[in-house]
Protein chains: 4
Amino acid sequence: MIIVLKPGATQQEIDHIMAKLKELGLSIHLSRGKERTIIGAIGDDRVLQNQPISIFPGVENVLPILSPYKLVSREFKNEDTVIDIDGIKIGGKKIQVMAGPCAVEKLDLLIEIAREIKDAGATILRGGAFKPRTSPYSFQGLGEEGLLYLAEAKKKTGLPIVTELMDPRDIDQVLKCADIIQIGARNMQNFRLLKEVGQYDKPVLLKRGLAATIKEFLMSAEYIMSMGNHNVILCERGIRTFESHTRNTLDLSAIPAIKKLSHLPVIVDPSHAVGKWDLVAPMSKAAIAAGADGLIIEVHSNPEEAYSDGEESLRPDQFKSLMTDLRRIALAVDREI
Amino acid sequence: MIIVLKPGATQQEIDHIMAKLKELGLSIHLSRGKERTIIGAIGDDRVLQNQPISIFPGVENVLPILSPYKLVSREFKNEDTVIDIDGIKIGGKKIQVMAGPCAVEKLDLLIEIAREIKDAGATILRGGAFKPRTSPYSFQGLGEEGLLYLAEAKKKTGLPIVTELMDPRDIDQVLKCADIIQIGARNMQNFRLLKEVGQYDKPVLLKRGLAATIKEFLMSAEYIMSMGNHNVILCERGIRTFESHTRNTLDLSAIPAIKKLSHLPVIVDPSHAVGKWDLVAPMSKAAIAAGADGLIIEVHSNPEEAYSDGEESLRPDQFKSLMTDLRRIALAVDREI
Amino acid sequence: MIIVLKPGATQQEIDHIMAKLKELGLSIHLSRGKERTIIGAIGDDRVLQNQPISIFPGVENVLPILSPYKLVSREFKNEDTVIDIDGIKIGGKKIQVMAGPCAVEKLDLLIEIAREIKDAGATILRGGAFKPRTSPYSFQGLGEEGLLYLAEAKKKTGLPIVTELMDPRDIDQVLKCADIIQIGARNMQNFRLLKEVGQYDKPVLLKRGLAATIKEFLMSAEYIMSMGNHNVILCERGIRTFESHTRNTLDLSAIPAIKKLSHLPVIVDPSHAVGKWDLVAPMSKAAIAAGADGLIIEVHSNPEEAYSDGEESLRPDQFKSLMTDLRRIALAVDREI
Amino acid sequence: MIIVLKPGATQQEIDHIMAKLKELGLSIHLSRGKERTIIGAIGDDRVLQNQPISIFPGVENVLPILSPYKLVSREFKNEDTVIDIDGIKIGGKKIQVMAGPCAVEKLDLLIEIAREIKDAGATILRGGAFKPRTSPYSFQGLGEEGLLYLAEAKKKTGLPIVTELMDPRDIDQVLKCADIIQIGARNMQNFRLLKEVGQYDKPVLLKRGLAATIKEFLMSAEYIMSMGNHNVILCERGIRTFESHTRNTLDLSAIPAIKKLSHLPVIVDPSHAVGKWDLVAPMSKAAIAAGADGLIIEVHSNPEEAYSDGEESLRPDQFKSLMTDLRRIALAVDREI
């Protein structure tokens with residue numbers, strides 16, 4: 001950590017700061033320049049995370065040297081993490097496509113959609129039994145019944161299931177049905193939920209928060225990993241900006257940026273990012289071209305009557321056609337779908 | 001709801017849309033202009049919230065007429081809601097100041113701070129027992145022990161307590177100690193938590209999310225009210241913008257904006273908004289001038305050694321001096337502290 | 001335009017609004033619903049752009065029906081605009097890559113870079129003679145001398161030139177050298193500059209402003225077109241968000257979104273968007289996959305010593321390798337480079 | 001400047017970086033920690049502004065120590081700058097209120113408004129002759145004729161004039177009429193315009209850009225000052241965020257933040273910030289409470305028929321009433337109006 005002192009910092013102030021740094025077990029370099037005096041605190045500057053050095057008298061600014069996360073970093077683990085779900089590998093050469101309805105609605109419909117997306121080449125079935133909705137008057141999901149439908153769809157099609165957990169009290173039910181537990185964007189900093197899923201080894205699909213920086217996104221993954229669960233899949237799903245033409249702004253540069261910082265796999269949710277079905281195909285292609293390890297796409301047999309997010313859902317035939325296009329892009333970046 | 005059709009919409013497409021609107025029990029006005037044909041769907045257009053009309057063939061755009069919230073609105077209840085906490089009224093002529101440490105740390109320290117803020121004129125004690133922290137390696141709060149300290153501080157000083165609930169599993173403990181339950185910014189859309197606190201009549205202090213629009217903020221209050229709990233205090237605490245000089249950007253225009261839309265009281269948290277103690281005083285004054293019904297301010301006897309948010313905490317003497325200044329501003333806007 | 005009235009709007013207020021609408025030559029539909037009365041003003045609602053109907057007594061809200069732009073819209077011109085620069089077509093099947101140094105520095109260096117990017121397949125040379133820099137102490141460009149170097153580089157390589165105009169007083173000089181005039185992001189709403197370039201038929205490359213919505217971006221293109229110059233190339237170059245890991249957030253969903261709204265060609269500047277050379281390649285690929293008609297990429301023989309934006313410049317060998325990769329992506333979306 | 005090296009940085013890489021720093025005349029401190037090696041470059045690190053050290057091999061990160069501006073800083077000049085306009089002092093104890101119509105429309109109307117705002121206590125008349133409008137089809141201002149009207153209004157009322165300059169070619173005309181030259185938000189980084197006004201000693205009212213950080217805002221002031229004109233008034237007018245209920249989000253914390261960093265006076269434009277007339281009064285009060293040195297407020301005798309920004313204009317009687325309220329707030333913060 002670098003502590004930049006104010007131009008007029010007194011010797012007493014400097015001594016006070018240095019005493020605290022020594023107390024914390026850091027070794028110290030003091031360097032006096034023409035315009036500023038600087039204190040370099042050497043050692044693990046994470047011990048300073050709870051110490052507000054910036055308000056010590058005489059301090060102008062504090063510059064951290066190390067990133068605040070550890071387990072998620074490339075520095076901690078250099079090779080890419082590959083997560084294996086019954087033989088389906090996320091983070092390897094093969095790009096995995098997860099697809100399905102936003103919300104689980106009816107059993108027959110779910111199985112029908114599952115079969116169609118499987119035929120088209122998807123390898124994992126998505127579907128929400130618990131739905132976080134902005135309005136209390138909107139459909140809130142089928143809950144436990146929805147989980148049973150998902151289990152049945154898995155039995156019928158062999159597709160592993162990814163579904164959202166919203167409340168730590170539902171963890172047992174969700175563990176029974178899900179092959180991947182999804183933590184939604186609105187819960188990215190629901191730290192109690194992160195700690196909960198960190199206690200199992202079930203893979204977690206962690207969505208980036210609406211207004212989360214990449215650093216905060218990685219810190220949330222660190223929460224899960226710090227509890228022992230290293231099977232974390234990161235999911236970029238658009239961030240909130242001033243632009244209102246699309247629901248969110250899909251930040252594809254987060255993919256290569258995160259890949260440099262972290263060993264974890266990164267997938268993309270184009271559906272929630274854009275909020276309009278006809279923008280899903282170009283953004284899916286762009287995500288693959290930018291290096292995504294997978295996609296999670298909303299598909300519904302009858303979007304006009306979908307209980308949730310019909311605006312952004314593809315019909316099965318549109319999804320099938322998209323998969324054909326995605327295979328070409330995957331090949332062009334030396335990957336496969 | 002107004003449905004704007006594409007220039008070339010066919011009669012068949014129009015019939016299809018109108019059939020759906022009729023099915024939903026809405027009456028319809030069709031008006032054909034030179035450039036656009038428009039369908040007005042009259043009735044409670046909230047029935048359309050689950051129906052993605054925008055993807056019906058021939059539709060260019062859908063414009064809602066009514067706001068999506070009801071119970072929180074001025075239209076539903078015209079007079080200001082005043083919430084009474086053992087005689088302390090939030091939302092009336094008197095501005096209430098809540099103060100205390102970010103996190104509960106030690107019992108003695110808490111009682112000391114409580115006494116000092118009470119002497120200075122604060123009427124409610126704040127303090128976190130459960131702390132949402134960005135890093136898993138930061139102090140996470142004392143938990144249940146912290147709640148006991150708060151109860152003890154209340155016993156000693158008579159100050160009612162506001163403290164945060166992060167997990168629905170902690171509700172019973174928190175109900176025992178808290179006079180106001182705080183829902184933090186990161187949990188503003190933790191809908192299960194909102195539903196949980198909606199089941200009691202204990203007042204809820206709901207903080208605006210980091211990137212929440214005013215509309216979403218009101219929808220989260222609607223969640224709580226729709227469960228039966230109408231004692232909701234809204235708290236503006238800064239939103240996330242591109243500006244990084246302050247921790248967040250305090251949106252004071254939200255106060256008069258919300259006051260027009262809703263009958264609920266609005267308070268301001270200047271400490272978390274700016275993240276720097278020396279900006280807390282000017283923003284507290286500005287908040288009162290803009291019409292806030294209260295403030296929630298971080299105060300700590302020794303900010304250099306605070307376990308959390310020392311950067312933005314006032315010392316008791318600074319807080320006392322601020323209270324004197326605030327009284328003058330309050331008078332200048334015909335209120336009192 | 002739809003005018004939504006407040007629940008208690010009086011007949012007098014309604015008459016006052018209707019009188020104004022009639023005065024403006026609009027025909028009117030009044031529809032009284034249970035919760036709201038609505039006035040539909042039919043005709044070209046652009047006549048209302050200068051009339052603040054929203055403050056008329058009794059008005060709750062005003063909803064425009066038509067987009068505020070005309071000449072840039074697909075409705076005005078359905079087929080894609082293709083701009084021809086000495087046989088190089090922007091907006092057709094072939095994707096054009098513009099490349100070169102951020103700033104023109106030395107003649108020899110410029111010619112060397114021009115030759116290398118031409119060998120790699122770029123078809124247009126970029127280089128700034130006038131440089132908009134955040135700091136007055138940074139290199140401001142060679143000015144007129146830089147334009148002469150560009151002209152010389154064109155003579156030597158045959159590559160057409162794209163270069164920035166910052167000041168209407170420089171238009172004559174720039175017209176002599178440039179085949180495409182660039183309007184930078186910071187000048188997207190420099191309306192006098194837009195009107196100036198609108199008076200010639202020289203193609204204009206208009207960059208999206210740092211915080212410009214797609215609608216405002218199109219309105220700035222409308223400024224140029226409304227003066228008579230229909231040769232406008234739109235350039236997405238990243239928008240400003242809270243994320244600070246990248247310089248800006250590249251909004252690739254703007255490509256398909258704009259393609260739906262407008263007939264103008266859209267290219268992407270990945271270099272300024274990300275601000276880091278090692279993110280340029282993945283975002284260039286993603287841009288092509290998302291449907292971009294071209295790219296503009298910074299290339300410098302010695303980025304360590306570049307006068308401007310060395311951080312984001314590719315070396316010629318890196319650019320060459322990228323072009324090979326881009327050809328594969330282009331083929332995968334049925335285009336060519 | 002602090003240069004943080006990558007964990008595996010080689011001696012050759014370190015030597016290469018140190019050679020460059022020495023070449024630039026900086027002295028160097030190398031400190032090897034357990035996790036990172038750090039190079040401190042001592043001297044004026046502004047010489048590094050044109051040198052992209054971050055891409056030198058082995059470099060992980062570069063942390064600047066000094067702010068990039070100089071003349072605007074408190075470090076350069078500690079006492080507050082007070083700008084004197086014919087005896088009206090901006091930046092002193094007295095808060096100055098500038099008021100008037102958004103656009104100059106008719107001579108009689110302008111003089112009428114000028115008289116009314118003067119009666120109410122405003123000391124400077126605002127009015128635009130050149131109007132930056134998002135749409136080319138909106139009223140663009142009366143141009144030179146508008147300037148003549150302003151000169152006439154000054155003659156009749158004695159009020160000094162603040163009016164906007166959009167194009168360097170209009171400087172001579174504007175200098176003749178204006179006592180303060182306004183640079184609008186959209187031109188905050190129109191660097192050629194900044195340089196132009198920097199060549200005179202006429203006071204400049206510089207508005208913060210739509211998406212400008214405080215640092216960039218100060219850098220634009222630095223542009224003007226670096227040309228010799230030290231009479232710069234900074235104006236906070238709202239920044240662009242995701243919130244769409246108000247036109248912009250007024251960032252009042254920028255006032256105390258800038259006051260710490262700079263000696264320049266800071267005023268606030270509440271009208272453009274909120275875009276709704278009924279939010280202007282509370283935000284004006286809040287601005288004074290937060291420490292603003294002045295306000296610039298839109299006033300129009302007949303907002304319903306204003307050519308521009310009628311939505312946010314106060315009528316003269318509303319303005320008069322606001323001035324009464326503002327005097328009370330000013331007294332409460334030991335200032336006067």
Side-chain angles (χ1 to χ4, degrees), chain C residues 20 46 49-56 68-70 130-140 166-170 186-196 198 209-212 215-216 219-220 222-227 239-240 276-277 303-313, chain D residues 20 46 49-56 68-70 130-140 166-170 186-196 198 209-212 215-216 219-220 222-227 239-240 276-277 303-313:
Chain C
K20 171 54 66 182
R46 290 184 191 97
Q49 274 181 15
N50 288 329
Q51 194 76 37
I53 294 290
S54 65
I55 57 165
F56 275 56
Y69 43 78
K70 194 166 176 177
F130 301 104
K131 295 300 308 168
R133 303 302 297 277
T134 308
S135 168
Y137 310 121
S138 295
F139 175 62
Q140 307 275 314
M166 285 178 66
D167 188 324
R169 294 173 297 187
D170 300 327
R186 285 169 184 75
N187 282 318
M188 191 203 83
Q189 291 192 319
N190 182 338
F191 301 117
R192 296 292 283 269
L193 199 61
L194 299 181
K195 286 183 180 175
E196 189 69 32
L210 286 173
K215 195 197 279 182
E216 289 169 336
M219 284 308 285
S220 287
E222 184 86 9
Y223 252 96
I224 299 168
M225 293 181 75
S226 72
M227 298 297 288
I239 56 174
R240 180 158 282 182
K276 294 182 174 176
W277 69 268
E304 286 187 6
E305 299 298 332
Y307 291 5
S308 169
D309 285 347
E311 295 84 355
E312 65 204 40
S313 294
Chain D
K20 170 55 65 182
R46 290 185 190 96
Q49 273 180 15
N50 288 329
Q51 194 77 36
I53 293 291
S54 66
I55 56 165
F56 276 55
Y69 44 78
K70 195 167 176 173
F130 301 103
K131 295 300 308 167
R133 304 301 298 276
T134 308
S135 167
Y137 310 120
S138 296
F139 176 61
Q140 307 275 314
M166 284 178 66
D167 188 324
R169 294 172 298 186
D170 300 327
R186 284 169 185 76
N187 281 319
M188 191 202 84
Q189 291 193 318
N190 182 339
F191 301 115
R192 294 292 283 269
L193 199 61
L194 300 180
K195 286 184 180 175
E196 190 69 32
L210 286 174
K215 193 197 281 183
E216 289 169 337
M219 284 308 285
S220 287
E222 183 87 8
Y223 252 96
I224 298 169
M225 293 181 75
S226 72
M227 298 298 289
I239 57 174
R240 179 157 282 182
K276 293 182 174 176
W277 70 267
E304 286 188 6
E305 299 298 332
Y307 292 2
S308 169
D309 285 347
E311 295 85 355
E312 66 205 39
S313 294

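These numbers come from the heavy atoms of this one structure, side chains and all, not from hydrogens, waters or symmetry mates. All chains are named by letter (A, B, ...) in the order of the sequence lines, taking the proteins before the strands, and each is independently numbered beginning at 1.
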Tell me, do P136(D) and M219(C) make a side-chain contact under 4.5 Å, heavy atoms counted?
yes
Using a strict cut-off of less than 4.0 Å between a Lys/Arg side-chain nitrogen and an Asp/Glu carboxylate oxygen, indicate whether E216(C) and R240(D) qualify as a salt bridge.
yes
Would you give the length of the straight line joining atom [atom1] of [X] to atom [atom2] of [Y], rounded to the nearest 0.5 angstrom?
X       : Y       : atom1 : atom2 : value
L193(D) : N187(C) : CG    : CG    : 9.5 Å
R192(D) : D170(C) : CZ    : CG    : 4.0 Å
K20(C)  : E305(D) : NZ    : CD    : 3.5 Å
F191(C) : Q140(D) : CZ    : CD    : 8.0 Å
S135(C) : K70(D)  : OG    : NZ    : 11.5 Å

Which bit of [X] is near chain C, if near means a heavy-atom gap under 4.5 Å: side chain, backbone, both or neither?
X       : answer
K276(D) : neither
Y137(D) : both
T134(D) : both
E312(D) : neither
Y69(D)  : neither
K215(D) : neither

How close do A211(C) and A211(D) get, heavy atom to heavy atom, and via which atoms?
CB-CB, 3.3 Å
Taking all atoms of both residues into account, what is the closest heavy-atom pair of I55(C) and G310(D), and its distance?
CD1-O, 3.4 Å
side-chain contact (heavy atoms from CB on, under 4.5 Å) for D167(C) and E196(D)? Distances and angles first, verdict last.
CA-CA 11 Å; D167(C) 188 324; E196(D) 190 69 32; 5.8 Å; no
With a 4.5 angstrom heavy-atom cut-off, is it the side chain or the backbone of Y307(C) that approaches chain D, or both, or neither?
backbone
Can you tell which part of S138(C) gets under 4.5 Å to a heavy atom of chain D, answering side chain, backbone, both or neither?
both
From the list E311(D), K195(D), M166(D), M227(D), the residue making the most non-hydrogen contacts under 4.5 Å with chain C is E311(D)
Using modelled atom types and a 3.5 Å cut-off, is there a donor and acceptor pairing between side-chain atoms of Q51(C) and backbone atoms of E304(D)?
yes
